[in-house]
Amino acid sequence: MENYKILTEFNKKEIFGEDISNSEKKEAVSVLLNGICEKETVWKYKKCMRVNPETDSIYPNYYIPPYHGNKKLRLVQGFLPKTNILYANHYELEIIRLLFRYAPEHEKINEMADKVLFRLKSTCYGNSCMQGECATTGISVLRLLSAVCPDDLEWEDKLLSPLGDTFLSFGPGQAAIQKGLPLSYLLMAFTDINNEKTKALIAQKKEWLLNLLRKGWITGKPLNGKGSEADNYNLLGKYIIRNALGTLPEYENISEHEIYINSKNDRCYCNI
């Protein structure tokens, strides 16, 4: 669980724009490297997934995700995965991404990154599959590519094009999940990539995203006493949307617009 805690905490710090000291990064890298799973653990997991451990490329080779009471935990931005393909790969790819960002010259990290990329190239979700949660797993791949090999534009575009087309089809309805994709996780990838294509995608949905920023989202239990664990991530979602819009030239100072929780109704808003 320690790896998972680091993964979620440091992603939240990045999303909220908090400073992360070099000593914090060094400690995180040390813990994550010490948390690499034993080969026997990996093999046991793969056998449970009914794949051949010797030839499998679908599931991780370094980091097996934790299960709380046999239940999956949420992704870094709050989405609750249904499949082990998404859950397991998100966990490994996000850890490798964080390690590479904090210690890009580390020999072991570079070796793991190279082997993970080699594994991903033979998977469907690493090659633009948009079926079920493979599409969301592709977002994890995009996030890794943006950190480890940002110059591989051909691979990046192979994933970005279908995800971008789906993003443009988003409309009214539940903001958290559209067309089966977690909006905030997709926007995190767009913000990471931050090129002309992602800026064009965000610009086309600018007014829709601004409207989501202005709406009040529940952060605690509603008046009827019934709440959802996902509501706790709504504040994080506001920051993710604001960060994505901040990649546009006309909104480069959007962080000056405060995101806050109204004490009267426990809902979060942005004063934009």
Side-chain angles (χ1 to χ4, degrees), residues 7 10-11 14-15 25 28-29 32-33 36 55-63 75-77 79 85-168 181-205 240 243-244 246-249:
L7 192 60
F10 277 80
N11 269 277
E14 290 183 357
I15 292 166
K25 293 177 181 179
V29 168
L32 292 174
L33 286 177
I36 296 173
T55 59
D56 171 66
S57 61
I58 297 175
Y59 294 101
N61 291 323
Y62 297 105
Y63 295 97
L75 306 190
V76 291
Q77 45 62 254
F79 180 71
I85 286 179
L86 170 58
Y87 184 47
N89 281 285
H90 160 272
Y91 186 67
E92 174 160 286
L93 302 190
E94 287 288 346
I95 289 177
I96 299 295
R97 172 189 174 273
L98 207 63
L99 284 170
F100 195 88
R101 279 170 55 81
Y102 294 169
E105 304 301 324
H106 195 289
E107 184 178 350
K108 176 62 176 178
I109 293 172
N110 275 270
E111 176 190 329
M112 289 195 298
D114 287 343
K115 289 184 177 180
V116 167
L117 291 174
F118 181 79
R119 173 176 75 81
L120 294 173
K121 284 183 178 179
S122 65
T123 63
C124 64
Y125 53 80
N127 288 277
S128 73
C129 177
M130 293 296 291
Q131 298 298 313
E133 288 195 333
C134 278
T136 304
T137 312
I139 299 175
S140 296
V141 178
L142 262 183
R143 294 246 300 158
L144 180 66
L145 292 179
S146 70
V148 176
C149 51
D151 294 331
D152 194 336
L153 302 181
E154 183 178 352
W155 192 357
E156 183 181 277
D157 195 62
K158 185 183 293 186
L159 291 161
L160 184 57
S161 291
L163 287 169
D165 289 343
T166 303
F167 173 67
L168 293 179
L181 287 174
L183 170 65
S184 55
Y185 196 38
L186 184 57
L187 289 177
M188 285 173 70
F190 287 175
T191 305
D192 288 341
I193 296 167
N194 191 20
N195 62 17
E196 292 307 312
K197 186 163 187 173
T198 57
K199 290 176 184 177
L201 289 167
I202 294 168
Q204 290 181 71
K205 301 294 288 186
I240 291 171
N243 292 345
T247 64
L248 303 181

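Computed from a prediction, not measured in an experiment: that's the story for all the values here.
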Say you draw a straight line from [atom1] of [X] to [atom2] of [Y]; how long is it, rounded to the nearest 0.5 Å?
X	Y	atom1	atom2	value
L183	F167	CG	CZ	6.5 Å
L168	L163	CG	CG	11.0 Å
L32	L99	CG	CG	5.0 Å
K197	L160	NZ	CG	5.0 Å
R143	L98	CZ	CG	9.0 Å
L186	L142	CG	CG	8.5 Å

Quick one, [X] and [Y] - any side-chain contact, counting heavy atoms below 4.5 Å?
X	Y	result
T136	H90	no
Q77	I240	yes
L33	I109	yes
D152	L145	no
W155	L120	yes
F79	Y185	no
I85	T123	no
L117	C149	yes

For the residue pair [X] and [Y], what are the closest heavy atoms and their distance?
X	Y	result
G126	V141	CA-CG2, 4.3 Å
Y125	R119	OH-NH1, 3.2 Å
I58	N89	O-ND2, 2.9 Å
P150	A147	CD-O, 4.1 Å
S146	D192	OG-CB, 3.4 Å
P60	A88	CG-O, 3.3 Å

Donor-acceptor check, side chain of [X] to backbone of [Y], threshold 3.5 angstrom: yes or no?
X	Y	value
T166	P162	yes
N194	F190	no
N110	P104	yes

> Is it true that R97 and E14 make a salt bridge, defined as a side-chain N closer than 4.0 Å to a carboxylate O?
Replying inline: yes
> Using 4.0 Å as the upper bound for N to carboxylate O, is an ion pair formed by E154 and K158?
Replying inline: no
>> Once ring pair (Phe, Tyr, Trp, His ring centres under 6.0 Å) is applied, what residue pairs with a partner in residues 92-113 remain, sequence neighbours excluded?
In response: F10-Y102
> Does a donor on one side chain sit under 3.5 Å from an acceptor on the other, for N61 and E92?
Replying inline: no
> What do the steps show when you test S57 against S122 for side-chain hydrogen bond (donor to acceptor under 3.5 Å, both in side chains), and what is the final call?
Replying inline: CA-CA 7 Å; S57 61; S122 65; 3.0 Å; yes
>> What verdict does the side-chain contact (heavy atoms from CB on, under 4.5 Å) test give for I15 and M188, after you've listed the backbone C-alpha separation in whole Å, the side-chain angles of each residue and the deciding distance to 0.1 Å?
In response: CA-CA 9 Å; I15 292 166; M188 285 173 70; 3.9 Å; yes
